[in-house]
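A quick note: this is a predicted structure, and the numbers were derived from the prediction, not measured. Naming: A, B, ... by sequence-line order, numbering from 1 per chain.
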Amino acid sequence: MNETITSHAVHRDDEASKIGMWLFLFTELLLFGGLFLVYTIYRHLNSAAFANAAGELSVLFGTINTIVLITSSLTIALSISAIKNNNAKRAKIMLWLTLIFALIFMINKYFEWSAKIHHGLFPGMEHFMSLPPGEGLFFLLYFFMTGLHAFHIIAGSIFIAVVIAQLNKSKITQDDYVLQENAGLYWHLVDVIWIYLFPLFYLIH
Amino acid sequence: MSTEQTALPADNFFNQGGKGLMSWLTTTDHKRIGLLYMYSIAIFFSVAVILGLLMRLELIAPGKTIMEASTYNKTFTLHGVIMIFLFIIPGIPAVFGNFFVPLLMGADDVAFPRLNLMSWYLYIIGAAIALSTLVFGEGSADTGWTFYAPYSVKTGTNVSTSVFAAFVLGFSSILTGLNFLTTIHRMRAPGMGWFDMPLYLWSTYATSWIQILATPIIGITLLMIIAERALGVGLFDPSLGGDPILYQHLFWIYSHPAVYIMILPAMGVVSEIIPVFSRRRMFGYKAIAFSSLAIAFVGYLVWGHHMFTSGMSGPARIIFSILTFLVAIPSAIKVFNWLATLNKGSIDLQPPLLYSLGFIFLFLIGGLTGLVNGALATNTHIHDTAFIVGHFHYVMFGGTGFGFFAAMHYWFPKMYGRMYNIKRATRAFWVTFIGFNILYFPMFILGLEGMPRRYYDYLPEFQGWQVVSTVGSWILVTGLIMMFVNIIRGARKGKPAGDDPWNGYTMEWETSSPPPLENFHQAPVFKKPTYED
Amino acid sequence: MENNHSHSISDKTYIFIWVSLLILTFLSVEASFVHFRAFAVGVALFIATAKAFIVAYYFMHLKFDSKIIGIMVLVTGIVFLTFIILTFFDYGFREPIV
Amino acid sequence: MFSNASSFVEGVDIAFFIIIGISLVFLVGITAAMIYFVIKYNKKRHPKAEPTKDNFQLEIFWTVIPTLLVLGMFYYGWVGYRPMRIIPKNAIPVKVTAKMWSWSFEYENGKWDSLLIVPVNKPVKLELFSPDVLHSLYIPAFRVKEDVVPGIANVMWFKAQKEGTYNILCAEYCGQRHSYMLSKVKVLSQKEYEKWYNAKDTLAEKMMPGEILMKKQACIACHSTDGSKLVGPSFKGLYGSKVTVLVNGEKKEIIADDEYIKNSILDPNSEVVEGFPQGIMTNYSGQISEDEIKQFIEYIKTLKDD
């Protein structure tokens, strides 16, 4: 992702960087889009099994993680408005907060996943294989989609860490903060995807 | 190269920006990256042509001729994977797009040059992975390039590796598209509005949108195949609630628009060439520009016509059939506008135009036989037969391939500053063109007679046309060799071509040939071209 | 340089947006305990879309960015919806699987 | 004009001729125009091009005409296709099993054959079933084709209108011996058909139960009974012989006895004979009973080396 916003040319075009980032986000959206399509069709074909399986997931865990991610979206938005006001220190604090929220999200996810794996619900495990038709698909998609999402959280966190480093080197300033803006865009996208994952997996039963 | 070097302008991108392999492998110059793509694509294309030749040879007689059935199945899979993912999809955009998108708009490079180089590396890595299946593991996949589940999940061959290669190549394709879109949005020369853009840029613009929005779907689908093969959980297994037909939906949601990734750039090239060689402005500029966008959009809506016999629901078959017919219209509009441009022009039948007219003829046959595929009744008969093989070779090779050759002959003097031998190029065209038709036309007849595709062996009654087709393959390859030898000789020893040998109007002809590293000696300003001189 | 985004959102507005997202989240959770039956999916997706819109419009600055980005987002959304709708032309009319 | 081997031929071929007819007009017209322009407006004869004048009406004209034409083509395509999806109630049901790599056809009275035998002028409904991968049942002479999808109950039908024998081919790529997945459809007169249908199963008299089973289960598509090597090892001389198998990647020599054969049917990938591909054979557990396995072994015992 880092590559999309670097340019060797002498002239700087922030608008181009932003368009490039948005285009990249579209591909990310459609990458998940393919999975959402699979989810939609399989839910349509196995609605009872999906509803049953969704009952296994903890609404509490999901809700906490939703709040955590929404809040992290707020902090990264605030960090951008801080750098706009030439407050690099506050920008950094807000980014660190975002990273902490990302960490909380992942820890939460870790406990959630290990609970499921403990119950043998991971694809290929014995209990998983004995599930009635459709329920296995639900858990498969659950692990696939939340796993891919978690992968994006990690990628986004690395992106944010790079931004912090650049802030430390004063390479991001009040006049040149498009990298930070793009990190924000990426992070919000991760949030938007979760906004859909949350009801689809935890809430509809 | 060295003796004639003096004849070319000294400040060209071959000389500037360093010499030696390393300077090429680390370049961010869009022209060099375009050439890197061209050289690598030429290699993979040759490999796939050889595989195709071997397949044709196998089919010259029923029963075993030169290879076992399992080898044959691997051969047509690899032929398909290489031709689709390594030649036709990146072909025109990555070679001529990289070289000429910035030049056509008077820019000094693409928007993200380093990303551009990364795309090439991803392409090479993907290609290496695809070809590694030849050497390592259980051999290359034997599923056909479509990787249909559940066979692709069951077979013992190395499907996961092939599929992963396609995934990496898809990523490369996305990044190229992203780069072009941003470039076209942001880097047009001062004064060049959207409707002043050369038509090639419009077709690239439409193509790039497909690359951005469709490719991720195949990416995730291929990941699902890998997951299914690794975990064996029944993602497409009906007894577990899945559905094998969903795989086909996902596959064609990408792969049908991908057909337009392949053909649109070729149409753009032809739209550049025809006005130049008939000395007049393109007839119906806006119609062509909009038809590119229309093709890109309607192209998203027609994937189901690959699945008319798959067990898809009745209403879906009907909807997809109507939509399929609609996509024919923008293509027809383009053809009529090209014709209208030729009419009353002052036509100079140079090799680029010859290839463009060859493109129109072959694409017409491909497109019109596509109508047979789109109609429900006839599709039932010819689906998955040699008719389809003939049809898509006319579109993909006759269309995109000839578009590629047209672009090569058109822009060659700008790229190398030299000219190839025109007479030899014309001769090579005719041999290629004739060989092409002898090779692929019999497939229509075979298909109508009921010869399914992907058949290693066939009933004796089909042999006559199979022999004709195989002989055609030899003629075609002769033509291709003649063409490439002529091009390579031109690049090494051709006469200096001058800056604007075709008397072209677009901005790439304003700079010297080959262009300097920074493309233009001074920042260009766009002026409306005066066509009729 | 066109870097001076004069039109920016105040921190207060951001916090207001954050609160509204939280409210929507709770609404969505609450709604899941009421049995809407056939509408459950619709309600959940409607609320999710409202949230996604708020995030995109304010947090992702679509409100202030050049129109072209908004159009691109719209096109992407339409293309994705088309995929789903057309696929349902198959699955919506299938005879039941045996 | 049409062969009329089935009731669909006419509709399909009419659609074909309409589409190809219109296409030919365009192909010939456009090609002729290209050649004409290149000659007439060659720069030698016509050194100065006339300026392009856009003509909006012309653009509309050549957008509308193709639109009408293609909608017409769609219509005829649909008309020719519609009857294929309307299955007559009185159609004779035949259960088709497509397996790697053979066809089998089972009738209502339990009669079974590897050829499709149908009466002339009677609708026949094929219920398509596949236990392994995708196949596609294609009868070119009848202009019909439908995929055989595992787990999905696809059906197709046709009414043969002429006595004779026609090819059945598999049109969806299904692996190594895809091109050998062939059969025939035999169209008999009503009388002959009834005679065949009501005759006692002659197969049962001529063959051992294990041999019939082997045909039904498509074993012989991969395993020969004459010693030739197909996808799997031949059954000839198998029983009691020593075979080298790979168990979890390790070589092991075992005797092909009852236990080994049974295991090879129910868990085919645990002991694969050296030199043969892994993962190809379908797992038959749940599809074959204990008794059937015994019949099967009895039959293999008779296939001795010469």
Only pairs at least two apart or in different chains count here, so list each side chain to side chain donor-acceptor pair (under 3.5 Å) that has a residue in residues 159-171 of chain A.
A:Lys92-A:Asn168
Examine whether an atom of A:Leu29 lies under 4.5 Å from a heavy atom of chain B, and if so say whether it belongs to the side chain, the backbone or both; otherwise answer neither.
neither
Verify the neighbour count for atom CH2 of A:Trp96: are there more than 12 heavy atoms of other residues, nucleotides or ligands below 6.0 Å?
no
Name the region of B:Ile253, side chain, backbone, both or neither, that has any atom closer than 4.5 Å to a heavy atom of chain A.
side chain
Side chain, backbone, both or neither: which part of B:Phe236 has a heavy atom under 4.5 Å from chain A?
both
Under 6.0 Å from the OH atom of B:Tyr121, do we count more than 12 heavy atoms belonging to anything else shown?
yes
Rounded to the nearest 0.5 Å, what separation is found between the CD1 atom of B:Ile245 and the CD1 atom of A:Ile41?
11.5 Å
Euclidean distance, B:Thr221 OG1 relative to A:Leu31 CG, rounded to 0.5 Å:
9.0 Å
Residue among A:Phe26, A:Phe32, A:Trp22, A:Tyr42 with most heavy-atom pairs under 4.5 Å to chain B
A:Tyr42
Derivation and outcome, side chain to side chain contact (heavy atoms under 4.5 Å, CB included), residues B:Ile217 and A:Leu37
CA-CA 10 Å; B:Ile217 305 275; A:Leu37 182 61; 5.7 Å; no
Selection from B:Ser208, B:Ala214, B:Pro216, B:Gly177 maximising heavy-atom pairs under 4.5 Å formed with chain A:
B:Pro216
Step by step, would you call B:Thr215 with A:Thr27 a side chain to side chain contact (heavy atoms under 4.5 Å, CB included)?
CA-CA 8 Å; B:Thr215 317; A:Thr27 70; over 6 Å; no
Pairwise distance CE(A:Met145) to CD1(B:Ile220) - rounded to 0.5 angstrom
8.5 Å
Is it the case that more than 12 heavy atoms not belonging to B:Tyr148 sit under 6.0 Å from its OH atom?
yes
Which one of B:Leu235, B:Leu250, B:Ile174, B:Leu181 has the most heavy-atom pairs closer than 4.5 Å to chain A?
B:Leu235
If you round to the nearest 0.5 Å, how far is CD1 of B:Ile184 from CD1 of A:Ile19?
11.5 Å
Greater than 12 external heavy atoms within 6.0 Å of B:Phe520's CZ
yes
So which heavy atom on A:Pro133 is nearest to which on B:Gly241, and how close?
CB-N, 4.0 Å
Could you go step by step and tell me if A:Leu35 and B:Met224 meet the side chain to side chain contact (heavy atoms under 4.5 Å, CB included) rule?
CA-CA 9 Å; A:Leu35 285 167; B:Met224 282 186 237; 3.8 Å; yes
So for A:Leu140, is it side chain, backbone, both, or neither that comes closer than 4.5 Å to the heavy atoms of chain B?
side chain
Check B:Thr182 against A:Gly20 and note the closest heavy-atom contact, atom names and distance.
OG1-CA, 3.7 Å
Positive for side chain to side chain contact (heavy atoms under 4.5 Å, CB included) with A:Leu23, one of B:Leu178, B:Leu213, B:Asn179:
B:Leu178
Are there more than 12 heavy atoms of other residues, nucleotides or ligands under 6.0 Å from atom NE2 of B:His521?
yes
Heavy-atom closest contact (A:Phe144 atom, B:Ala227 atom, distance):
CE1-CB, 4.2 Å
